[in-house]
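In the text below, chain A, chain B and the rest are named by the order of the sequence lines, each starting its count at 1. Bear in mind the structure is a predicted one, so any value in this text is a computation, not a measurement.
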Amino acid sequence: MSSISPTENLLSGLSDRQREAVTHTDGPLLIVAGPGSGKTRVMAHRVAYLVGEKGIPPWKILAVTFTNKAARELRERCERLVGGGSNELQVRTFHGFCSRVLRSDGEHVGLKPEFTIYDADDQARVARRILDQFDIDPKQFPPRALLSVISDAKNNMRSPAQLSRRTETYRDEVAARVYEAYEGALQRANAVDFDDLLLKTFQLLEGYPEMLEKYQGRFEHLLVDEFQDTNALQFQVARLLALKSQNICVVGDPDQSIYSWRHAEPSNLTDFQSTFKNTKIVTLDQSYRSTQIILEAADSVIGNNDGRMEKNLWTENSRGTRITVAEAYNEEEEARLVLEAAKELKNKDGITRNEVAIMYRVNAQSRAFEVACNREGIPYRLVGGVKFYDRKEVKDILSFLRLISNPADDAALERIINVPARGLSARTVTELREVAVSNKVPVLDVILDVMRVNMGDEEPRAYHVDLATRALKSVTAFGDLITRFIEQSLALDTNELIDLIVERSGYGAMLREDKERGEERMENLQELKASAEQFAGSEERGQLTEFLENVALVSDVDGLQGGDDSEVEEEAITLITLHQAKGLEYDAVFLVGLEEGMLPHSRSVDDPTQLEEERRLLYVGMTRARKRLYMFRAFQRRFRGQSGSQMASRFLLEIPDTLVTNRDIRGHDRVADRMPDPMWTKRSASTPAPRPATRSAGDAFDAGDKVRHKAFGEGVVVSSSGTGADTQVTVAFSGQGVKRLMLSYAPLEKIVEEESAQQFDPDEEQIEVQDPDLFAP
DNA sequence: GCGTCCTACCTTTTT
DNA sequence: GGTAGGACGC
């Protein structure tokens, strides 16, 4: 027997199933991979196997993921396994890959290499201008809604003409008209939106046989991660690329499909088998991540979804600790309890902060945790959140850069043409835009034309612009500013260019005058500069394009988190949305905000399909946990300033009691026990009126009633408002002042003559609501 | 033409 | 609670 070959080494740590997935290299392969089943590991090993064993050159392998995070992780794993030459491996997000293709071959579909990628903001700006132009009332046809119709059309590969042919409602008609104008605007701006990246790549591959051949020949092996989240266009692009070689390996888990709102079509998973004949299917159902209890709980939740491809997830891991389900009074207490428990985890179980994640449905929920962490001095890592590149000042400077890189970028131009104010009023801008639109040229062309003549050029103006002398002067000055920027950009690194822009555009001066936030904003610009520095050194024009592309497509910049002053590389707790948490794992996971309306989200409760997606979202969250899982709900939550209370999430009831610990964190009752109690229900049309939520006889509190409170002693009811569990009672306590109390929670008791004193449950948590207004002078 | 105040809408999740 | 766009006054 010879010594172990590298291949044996590569395969030795894998299970039989995993090995099967790694070594089936010829022909289509579908891997159904449950959470924690070593999916990324298999993909990385597969790549290494292709390179090391099958002798495939790394650059002939394309691995496509959904998020940048996933791409980064997969790339790192591959590099570790493959070693040298792996940097030529193509690991990209779908959008990143398509952008790359279009930068080099986009001219077939009308794109110049420096095309700009429009974000939602730019799209809305374009849409608003079009509505304005067509004299359509934006209140009647919100830009967002129209853009959503356009996005649908693009994802179904329908052109404006095709859309207008199948209009059914007036709204569709309007949308079709706007779509056409929108396409024109983007075309003129040499810009694409996110859908276009995919659509135009598809069109390129579909309509140009030489292009198809080029890319089919370029990539012999294709791997697609998170296949359940791919949309129709992505599937088509993948299909075309792999049509010839048939060497396509897709990995997915239908139970983790959480992007239908972004046109994901989990049915791609089944369609795959009909598209690619002789597909081999490998199911990975052993979890190497979670404890048995966590898996069972997750399984019992997801089991409530209909029509699933059943998977029997199993593990050799230990049974583990029961899941803690607990409730807090409001989001502040929720945050406090979570942090308390996290501290305890560190002391008792040795689970460090790096191994703890708090996951929530919507970004806004992070706030309470940020506040609590800051107060407790606990470092945290906020994933996503307020995106750095979304800050106003950053976007403004980026718009200058965009305009320099792509002078046709009207959205960028309109953003900064009068920032800081330089005498270009809305009227002037409208005039310039109208001239540009009717001549089908970029706005900057018109500006430069005005400037040329105004600066003494003999040739008459190419465009007729109706502007006052003062406005002409301002337009000229702006044109001159941008022209100089463009000239100088040729010799400067992007970070140097940023300096130049900040100083010469007047932006820096504007910030220095802003006493309130100027300094902070300037710091953000310094940070922008720092992020541009990574691109410095390479050929100037290319680096600017590359930097801007990175900004547009890579939103989760590492080391550039928006979190206030979270120390770098310190042991920190992770705050993350459930969507972003997919693919990650932590020793301990806190799922918070498990209330009706939150998870499931209120926008999803009416639609069974969407409800199932919410359930999958929870499933994703639960299965991120290795050892410990906590699930929290708050009785009351502030929502856009106002607070309201909601029932516990229906999903909590789907977890069997046997998997949940009774011993919760701080003596709260288990939500599961409380649930059927109408005391916890919010009164609404669909729920029966709850019985009065008092500890005493059950009758209402009226002004003048004498009451007793466990902590505040005796008092007199001043007023009461609301009904049922929502009842708030204002009470004047002797010596304690006036308090407003939430009846359903406060241990408040009416003093009746014959009643004996001690009626309280000594274990009952007492919580008060104080309305600060009542203390105002 | 510019700044300020007011309002409406926002908030589902991301490339 | 924050922001973007519109109305209005200087």
Practice problem: Select one nucleotide: of B:dT15, B:dT13, B:dC2, the one nearest the side-chain heavy atoms of A:Ser425. | Solution: B:dC2

Quiz item: Is any side-chain heavy atom of A:Arg402 less than 4.5 Å from a side-chain heavy atom of A:Tyr118?
Solution: yes

Quiz item: A:Arg427 or A:Gly96: which one's nearest nucleotide on DNA chain B is closer to the 5' end?
Solution: A:Arg427

Distances for protein N/O vs nucleotides 5-9 of chain C N/O pairs under 3.5 angstrom?
unit_1 : atom_1 : unit_2   : atom_2 : d
C:dG5  : OP1    : A:Arg128 : NH2    : 2.4

Quiz item: What is the distance, rounded to the nearest whole Å, between atom CZ of A:Arg144 and atom P of B:dT14?
Solution: 14 Å

Quiz item: Within this structure, what is the CG-to-C1' distance between A:Asn68 and B:dT14, rounded to whole angstrom?
Solution: 10 Å

Quiz item: When you measure from the side chain of A:Asp196 to the backbone N and O of A:Leu199, does any donor-acceptor pair fall under 3.5 Å?
Solution: no

Quiz item: Do A:Trp261 and A:His601 have their ring centres less than 6.0 Å from each other?
Solution: no

Quiz item: Out of B:dG1, B:dT15, B:dT13, which has the shortest distance to the side chain of A:Thr67?
Solution: B:dT15

Quiz item: Out of B:dG1, C:dG2, B:dT15, which nucleotide sits closest to the side chain of A:Thr93?
Solution: B:dT15

Practice problem: Name the residue closer to the 5' end of DNA chain B, choosing between A:Ala471 and A:Glu614 according to the nucleotide with the nearest heavy atom. | Solution: A:Ala471

Quiz item: Can you check whether A:Asn418 has a side-chain N or O nearer than 4.0 Å to OP1 or OP2 of B:dC2?
Solution: yes

Exercise. Take the protein atom CD of A:Gln365 and the nucleotide atom C1' of C:dG1, then report the distance between them rounded to whole Å.
Key: 16 Å

Exercise. Compare the minimum distances between each of B:dG1, B:dT15, B:dT14 and the side chain of A:Tyr259, then state the nucleotide with the smallest one.
Key: B:dT14

Quiz item: Between the side chains of A:Tyr215 and A:Asp105, is a donor N or O closer than 3.5 angstrom to an acceptor N or O?
Solution: yes

Practice problem: For the side chain of A:His95, starting at C-beta, report the closest nucleotide among B:dG1, B:dT15, B:dC2. | Solution: B:dT15

Practice problem: Would you tell me whether A:Ser148 and A:Ser151 have side-chain atoms, one donor and one acceptor, within less than 3.5 Å of each other? | Solution: no

Self-check item: Polar side chain donor-acceptor pair, A:Tyr389 to A:Asp119, under 3.5 angstrom
Solution: no

Self-check item: Distance (rounded to the nearest 0.5 Å) between A:Met622 CE and A:Arg615 CZ
Solution: 11.5 Å

Quiz item: Roughly, in whole Å, what's the span from CZ in A:Phe94 to C1' in B:dT14?
Solution: 15 Å

Quiz item: Does A:Asp396 use its side chain to pair, donor to acceptor, with the backbone of A:Ile416 at less than 3.5 Å?
Solution: no

Practice problem: Identify the two heavy atoms, one from A:Gly423 and one from A:Asn418, that lie closest to each other, and give their separation to 0.1 Å. | Solution: N-OD1, 3.5 Å

Quiz item: Whole-Å distance between B:dT13 P and A:Met598 CE?
Solution: 9 Å

Practice problem: Using only side-chain N and O atoms of A:Gln580, determine if any of them is under 4.0 Å from OP1 or OP2 of B:dT14. | Solution: yes

Self-check item: Between B:dG1 (P) and A:Leu424 (CG): distance, integer Å
Solution: 9 Å

Exercise. Nearest whole angstrom, please: distance from the P of C:dT3 to the CD of A:Glu393.
Key: 10 Å

Practice problem: Determine the contact category for A:Ser602: base if any of its heavy atoms lies under 4.0 Å from a base atom, sugar-phosphate if only primed atoms, P, OP1 or OP2 are that close, otherwise nothing. | Solution: nothing

Quiz prompt | Closest listed nucleotide, where the reference is the side chain of A:Trp261 and the choices are B:dT13, B:dT15, B:dT11 | solution = B:dT13

Quiz item: Dot-bracket for DNA chain B, 5' to 3', with Watson-Crick and G-U pairs under 3.5 Å, [ ] for crossing pairs and | for other-strand pairs: what is it?
Solution: |||||||||......

Quiz prompt | From B:dT15, B:dG3, B:dT13, nucleotide with atom closest to A:Asn363 side chain | solution = B:dT13

Self-check item: Least distance between heavy atoms, A:Pro35 atom then A:Asp253 atom
Solution: CD-OD2, 3.4 Å

Practice problem: Quickly work out the A:Arg391 CZ to C:dG2 P distance and round it to whole Å. | Solution: 14 Å

Exercise. Assess the side chains of A:Gln228 and A:Glu226: does a donor N or O sit below 3.5 Å from an acceptor N or O?
Key: yes

Exercise. Could you tell me whether A:Asp229 contacts a base, only the sugar-phosphate backbone, or nothing, with contacts defined as non-hydrogen atoms closer than 4.0 Å?
Key: nothing

